[in-house]
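One structure is given here, and the rest of the page talks about it.
Numbering of ligands and ligand atoms starts at 1, following listing order. Only heavy atoms go into these numbers, but all of them, side chains included; no hydrogens, no water, no symmetry mates. This structure is a prediction, so every number in the text was calculated from the model and none was measured.
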Amino acid sequence: MKTKIAELLAEKIEGFDVEKVEQLLEVPPKADMGDFAFPCFQLAKVFRKAPNMIAAELAEQIGEQDFLSKVEVKGAYLNFFVNKTIFVQQVMERATEPGYGKSSMGEGKTICIDYSSPNVAKKFHVGHLRTTIIGNSLYKIFTKLGYKVERINHLGDWGTQFGKLIVAYKKWGSKEAVEENGIAELMKIYVKFHEEAEKDDSLNDEARAWFTKMEQGDQEALSIWQWFKDISLVEYKKTYEMLGIEFDSYAGESFYCDKSKRVIDECNAKNLLEESEGAYIVRLDEYNMAPCIVMKKDGSSIYATRDLAAVLYRKDTYDFDKCIYVTGLEQKLHFAQVFKVIELLGYEWAKDQLVHVPYGLVSLKGGKLSTRKGNIIYAEDILNESVNRIKEIIAEKNPNLPDKDDVAHKVGVGAILFNDLYNQRIKDVVFDWDKIHNFDGETGPYVQYTYARAASILRKRQMTEAQIPGNIDCSVLTDEASIALLKEINRYPEVIKTAADRLEPSVVARYAMAVAQAFNKFYHDNQCIVEDETVCNARIKLLSVAKGILKDSLGLLGIECPEQM
Ligand code: ARG
């Protein structure tokens, strides 16, 4: 419809093509102001007339059109009211085509998303939960748009901390304790190392020596390190399983040790390296940044070296169109430095293909979460607590619900995901259980509940989606609430594109919420199961389309929908 209106206007306005008009067309804030509005301010110069006169003239030239019920002049605006019957029919046709919302814009293009990436031998904390959730949602969004996405878990599995861990293990650890308590035990001996090293600095030398051994390929050092890594991965994978998340690659920092040489060679070839305070750096003063440390004096790599190597490796391996990094805001400088160095190496694509996607902090309202110790919140704890709280709510409100545990899982996890993704990612996230789990609030459970409600109406009608007749006269759906819901449905493909453009899953989360609200209003105003077969069928059909979109859009956030709640 928008395109049709734009075509009509472009014909009448010299120098304006369809695309330009389409960009100018607005959606008025209120339905009584029409479905689309065209502001004529920009035309004043072209026509050398007052905008309101231009609007009036255009209205006259447009005259009657069968897809429009009315064209109204309101000051400098031309307001278009589309023919509802045609609009309804069109949206329903479009939205019931298979794969509604999909696009081919990404065909033949690859996007690497580097996300989650926890640090081995450390527990997965809520910060890592955010990158995991945001990264996973971006993966789903880009996949929907036809891109091939490589999901990369750039594990923090290399560095001097492993030298410390080996020393700590040899001095105070035991195989049994590590096997029994996993990461918790590794964290315990790591803390012990730091306490002891305060008193005895030689421990640090020992740790460095062990890390050097690792870098030189020492069998013993590497087998302990590998064991710690395996143990950590078992725990991470439990969290991933809980979230329904998978990766295509677990090539973490260790994978790039032997690829650092290329980075150093290329830096040297471009004369970029400078020795400074016992390290090799690339100066970035010209770009208002601190220097990027590329190599330690002893030749060992650091975090940035491994990231530089990873960029080059991924470009060769995946030939990406974009490589996206999802981490906390505190790594902004790190990525700016890495991207700049790649550019200075002569890779022009670094400018627009390497993208850092930062996010804000996580906090807990009232600190009521039962954390084990200290104020670090672990992902596993917060997910379990959410699921348990939902279990309690179910036990109290709906004890006979079938598949209670499965529902509690989907709702408990969904509530955390939705809360994380509902606001722009740069904003901080607060865990306030009463808010997150409020079934009437702007929450995951509210949207899921709306979905379950739609599912239950279909059950009542004893109809599966497949049984809804294909040729339905939808012209009865012209009441305000139905139209409002259809307008939301109509927006879906555009919403997904905007979310991808802005790298913002919140665009989809807000949308899912808007569809749920529009659905509830529709359902409140319109009885679905009525005598009149035509009306009944049309409403059921709209209901089932909305239901499908609720599920699909929540799916883009990584959230599942139970059929009953
Ligand atoms: N392991 C890092 C951390 O926990 C995040 C890694 C992000 N990805 C990267 N390529 N540097 O802070």
TODO: Could you tell me whether Asp501 and Lys497 have a side-chain N and a carboxylate O separated by less than 4.0 Å?
DONE: no
Task: Nearest neighbour in protein (non-hydrogen) for atom 8 (N) of ligand 1 - done: Asp114 OD1, 2.9 Å
Open item on the list: Using a strict threshold of under 4.0 Å (side-chain N to carboxylate O), is an ion pair present between Lys270 and Glu266?
Closed with: no
Open item on the list: I'd like to check which ligand 1 atoms, numbered from 1 as shown, lie under 4.0 Å from a non-hydrogen atom of Thr327.
Closed with: 7 (C)
TODO: Name the closest protein heavy atom to atom 12 (O) of ligand 1, giving the residue it belongs to and the distance to 0.1 Å.
DONE: Gln331 NE2, 2.8 Å
Task: Polar contact flag for Arg314 and ligand 1 (N/O pairs, less than 3.5 Å) - done: no
Open item on the list: Less than 4.0 angstrom from a charged side-chain N to a carboxylate O is my criterion; do Asp316 and Lys259 meet it?
Closed with: no
Task: Donor-acceptor contact below 3.5 Å, side chain Glu185 vs main chain Glu179 - done: no
TODO: Go through ligand 1 atom by atom and flag the ones less than 4.0 Å from a non-hydrogen atom of Asp307.
DONE: 9 (C), 10 (N), 11 (N)
TODO: Heavy-atom contacts with Tyr303 under 4.0 Å: which atoms of ligand 1 show up? List them by number with element.
DONE: 2 (C), 5 (C), 6 (C), 7 (C), 9 (C), 11 (N)
Open item on the list: Are there over 12 heavy-atom neighbours, none belonging to Lys296, within less than 6.0 Å of that residue's NZ?
Closed with: yes
Task: Per-residue contact class, Phe335 against ligand 1 - non-hydrogen pairs under 4.0 Å - done: side chain
Task: Subset of ligand 1 atoms that lie under 4.0 Å from at least one heavy atom of His128 - done: 3 (C), 4 (O)
TODO: Ignoring angles and geometry beyond distance, decide whether Tyr325 reaches within less than 3.5 Å of ligand 1 through its nitrogen or oxygen atoms.
DONE: no
- [ ] Using a strict cut-off of 4.0 Å, indicate which atoms of ligand 1 neighbour a heavy atom of Asn119.
- [x] 1 (N), 2 (C), 3 (C), 4 (O)
TODO: Specify whether Trp172 and Phe193 have parallel, tilted or perpendicular ring planes, treating 30° as the upper limit for parallel and 60° as the lower limit for perpendicular.
DONE: perpendicular
Open item on the list: Any heavy-atom pair between the side chains of Val311 and Tyr325 that's under 4.5 Å?
Closed with: yes
